[in-house]
Amino acid sequence: MKLSYLCMTGYDGPAPGIEIWPASPEFCRPDVAQRSYARYLDMVELAERLGFDWISVSEHHYAPYQMTPNPMIMASAIIQRTKHARVALLGPLVPLNNPIRLAEEVAMLDALSGGRMEVLFLRGTPNEHKTYDTPAELTKKMTQEGIDLILKAWTSEKPFSWKGDQYKFDTVSIWPRITQQPHPPVFGSGNSEDSVVFAAKRRIGIGFSFAPPEVVKKWIDLYRAECAKEGWEPTPNHVIYRGIIYCAPSDQQAYADLESFFGQQAEEQGKLQSATLGGPPVLDLVAKPYFVGSPDTLIEKFQTLRDIGVGVCDLPFVVGSPEQQRASLELFGKEVLPKVQAWDTGSFAKRLTEAAE
């Protein structure tokens with residue numbers, strides 16, 4: 001199994017929580033934001049030293065929990081701070097962007113990184129669609145047509161025009177050409193039957209966030225069945241699962257720290273609530289993360305996901321203070337990561353060891 005460190009780039013100061021959107025900019029101190037970016041880039045370097053296979057970044061807007069309105073910029077910074085780990089865009093929000101621009105920027109990043117990019121293209125949550133007043137009823141069609149357009153842009157050797165239902169371009173001619181041929185590994189959402197069928201038909205992977213294993217298993221089974229209809233068989237590396245993680249020496253300490261963390265957040269957010277607009281409800285597996293416990297407990301949880309077909313786990317270490325987050329990452333890297341990666345003969349840590357020998 002491959003493991004990915006999600007570079008959350010959260011704001012390290014009092015701010016509205018995930019359930020409050022949009023977050024008023026009055027709560028953002030520029031100096032704190034700058035230090036927050038710097039801290040997360042330091043964590044990226046630590047994650048690569050520990051042996052994580054991937055470093056990932058996502059796109060979010062108007063929110064302090066992930067200050068990456070442009071994940072391409074953050075990925076460029078990550079590329080400069082890493083040498084070996086894959087850099088995963090999980091994901092650019094297609095309806096909020098020009099798909100040709102996405103194709104160009106990913107191609108540029110693939111060249112800058114020496115062919116280390118992975119890409120999960122997403123539709124985004126309903127609140128994100130309000131960022132630029134994108135028509136909500138069109139976002140699924142825009143996402144699916146946008147992915148088709150991007151794949152064609154990467155694989156075409158000649159300029160072409162595109163006349164679709166959602167996008168029209170007289171001329172498409174991508175420079176630079178994508179480094180990984182025919183294109184980097186691409187993923188789509190696995191959170192609906194329509195999305196699963198779409199991914200299977202295009203022979204791309206699928207990704208899940210904050211869903212219980214029994215739900216994920218249902219979608220993976222459907223995905224495999226639809227892939228079989230299309231005449232191909234996906235591997236575990238075609239399936240990504242994202243879940244918040246907190247690793248502590250014992251289960252008791254992990255859950256005590258988690259309770260303390262969310263208690264402090266609730267108190268701070270209560271003070272801010274009156275000055276912000278309400279947003280979507282918090283998902284259970286955000287408020288009650290799946291990956292919480294001692295190293296042995298976490299290994300069992302990864303085994304459960306492996307057994308249902310997950311091949312890549314994307315992990316945001318966001319519980320606790322900055323010091324607790326770093327301690328959690330270091331303990332995980334020492335006690336959990338090598339054992340979980342040993343299930344995958346192609347893991348980054350194993351490759352590093354073999355190269356050293």
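Being a predicted model, the structure only gives us computed values, none of them experimental.
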Subject >> Salt bridge flag under 4.0 Å for residues E330 and K334 >> reply: no
Original post:
Under 3.5 Å, side chain of W21 to main-chain N/O of H61, donor-acceptor pair present?
Top reply: yes
Original post:
How far apart are the closest heavy atoms of M1 and C313, and which atoms are they?
Top reply: SD-SG, 3.7 Å
Subject >> Pairwise distance CD(E104) to CD1(I178) - rounded to 0.5 angstrom >> reply: 11.0 Å
Original post:
Just by modelled atom types, is the A103 backbone N or O under 3.5 Å from a matching donor or acceptor in the W154 side chain?
Top reply: yes
Subject >> Closest non-hydrogen atom pair between Y167 and N97, with its separation >> reply: OH-O, 4.5 Å
Original post:
Should I245 and S328 count as side-chain neighbours, where that means a heavy-atom distance under 4.5 Å?
Top reply: no
Original post:
Around atom CD of E137, are there more than 12 heavy atoms of other residues, nucleotides or ligands at under 6.0 Å?
Top reply: yes
Original post:
Does the side chain of D170 reach to within under 4.5 Å of the side chain of K163, using non-hydrogen atoms?
Top reply: yes
**OP:** Check whether any side-chain N or O of H84 sits under 3.5 Å from a backbone N or O of E48 as a donor-acceptor pair, and report yes or no.
**Re:** no
Subject >> Pair F261 + Y246: ring centers closer than 6.0 Å >> reply: no
Original post:
Linking I/L/V/M/F/W/Y whenever their side-chain heavy atoms sit closer than 4.5 Å, directly or via other members, would V197 and I206 fall into one cluster?
Top reply: no
Original post:
Can you hop from V318 to V57 via hydrophobic side chains spaced under 4.5 Å?
Top reply: yes
**OP:** Decide yes or no for Q180 and P185: does some side-chain heavy atom of the first lie under 4.5 Å from some side-chain heavy atom of the second?
**Re:** yes
Original post:
Taking the six-membered ring for Trp, are W162 and F160 parallel (under 30°), tilted (30 to 60°) or perpendicular (over 60°)?
Top reply: perpendicular
Subject >> Non-hydrogen side-chain atoms of W219 and V216 separated by less than 4.5 Å >> reply: no
Subject >> Whether S260 side chain and A256 backbone form a donor-acceptor pair below 3.5 Å >> reply: no
Original post:
Donor-acceptor pair, K301 side chain versus Y290 backbone, under 3.5 Å?
Top reply: yes
Original post:
Take atom CD in E193; do more than 12 heavy atoms of anything else shown fall under 6.0 Å from it?
Top reply: no
**OP:** For V172 and S156, run side-chain contact (heavy atoms from CB on, under 4.5 Å): C-alpha distance rounded to whole Å, both residues' side-chain angles, the deciding distance at 0.1 Å, then the answer.
**Re:** CA-CA 9 Å; V172 179; S156 295; over 6 Å; no
Original post:
Does CZ belonging to R202 count more than 12 external heavy atoms closer than 6.0 Å?
Top reply: yes
Subject >> Check against side chain to side chain donor-acceptor pair (under 3.5 Å), Q144 and D148 >> reply: CA-CA 6 Å; Q144 294 187 346; D148 285 340; over 6 Å; no
Original post:
Rounded to the nearest 0.5 Å, how far does CZ of F121 lie from OG of S189?
Top reply: 14.0 Å
Original post:
What is the minimum heavy-atom distance between R224 and P234, and which atoms define it?
Top reply: CG-CG, 4.3 Å
Original post:
Should M8 and I73 be regarded as members of a common hydrophobic cluster, given that ILVMFWY residues are connected when their side-chain heavy atoms come within less than 4.5 Å of each other, either directly or indirectly?
Top reply: no
Original post:
Could you give the distance from CZ (F208) to NZ (K217), rounded to the nearest 0.5 Å?
Top reply: 12.0 Å
**OP:** State whether the side chain of T179 and the backbone N or O of G114 hold a donor-acceptor pair below 3.5 Å, judged by distance alone.
**Re:** no
Original post:
Checking Y11 side chain against R29 main chain: does a donor-acceptor pair fall under 3.5 Å?
Top reply: yes
Original post:
Which pair of non-hydrogen atoms, one from I79 and one from S113, has the smallest distance, and what is that distance?
Top reply: CD1-CB, 3.7 Å
Original post:
In terms of hydrophobic clusters joined by side-chain contacts under 4.5 Å, are M72 and Y37 together?
Top reply: yes
Subject >> Heavy atoms of other groups near E214 CD, more than 12 under 6.0 Å >> reply: yes
Subject >> Interatomic spacing from CG in L109 to CZ in R116 - rounded to 0.5 Å >> reply: 10.5 Å
Subject >> Salt bridge present between D31 and R35 (N-O < 4.0 angstrom) >> reply: yes
**OP:** Return yes if some donor-acceptor pair links the side-chain N/O of Q341 with the main-chain N/O of L3 below 3.5 Å, else return no.
**Re:** no
Original post:
With a 4.5 Å heavy-atom cut-off, do F210 and R242 have their side chains touching?
Top reply: yes
**OP:** List the steps, then state whether side-chain contact (heavy atoms from CB on, under 4.5 Å) holds for F291 with V336.
**Re:** CA-CA 12 Å; F291 294 113; V336 182; over 6 Å; no
**OP:** State the CG-OG distance between L90 and S4, to the nearest 0.5 angstrom.
**Re:** 6.0 Å
Original post:
Are V312 and V239 side-chain neighbours, meaning at least one heavy-atom pair lies under 4.5 Å?
Top reply: no
Original post:
Does the pair D165/K141 count as a salt bridge with the N-to-O cut at 4.0 Å?
Top reply: no
Subject >> Verify same cluster id: W232, F198 (apolar side-chain graph, 4.5 Å) >> reply: yes
Original post:
A47 and I55: which non-hydrogen atoms are nearest, and at how many Å?
Top reply: CB-CD1, 3.8 Å
**OP:** Locate the shortest heavy-atom distance separating A200 from E230; write the atom from each residue and the value.
**Re:** O-CG, 3.7 Å
Subject >> Working for side-chain contact (heavy atoms from CB on, under 4.5 Å), residues Q66 and Y40 >> reply: CA-CA 11 Å; Q66 196 161 10; Y40 271 96; over 6 Å; no
Subject >> Side chains of E145 and P99 in contact at under 4.5 Å (non-hydrogen atoms) >> reply: no
**OP:** Check whether any side-chain heavy atom of F52 sits under 4.5 Å from a side-chain heavy atom of T82, and report yes or no.
**Re:** no
**OP:** Find the distance between OG1 (T125) and NZ (K130) and round it off to the nearest 0.5 Å.
**Re:** 10.0 Å
Subject >> Criterion side chain to side chain donor-acceptor pair (under 3.5 Å) on S294 and D251, from CA distance to verdict >> reply: CA-CA 5 Å; S294 66; D251 290 347; 3.2 Å; yes
Original post:
Where do L96 and H129 land on the side-chain contact (heavy atoms from CB on, under 4.5 Å) test, with the steps shown first?
Top reply: CA-CA 7 Å; L96 274 61; H129 303 153; 4.1 Å; yes
Original post:
Is there a donor-acceptor contact under 3.5 Å from the side chain of Q324 to the main chain of V319?
Top reply: no
Original post:
So, does Y62 use its side chain to make a donor-acceptor pair with the main chain of N127 at under 3.5 Å?
Top reply: no
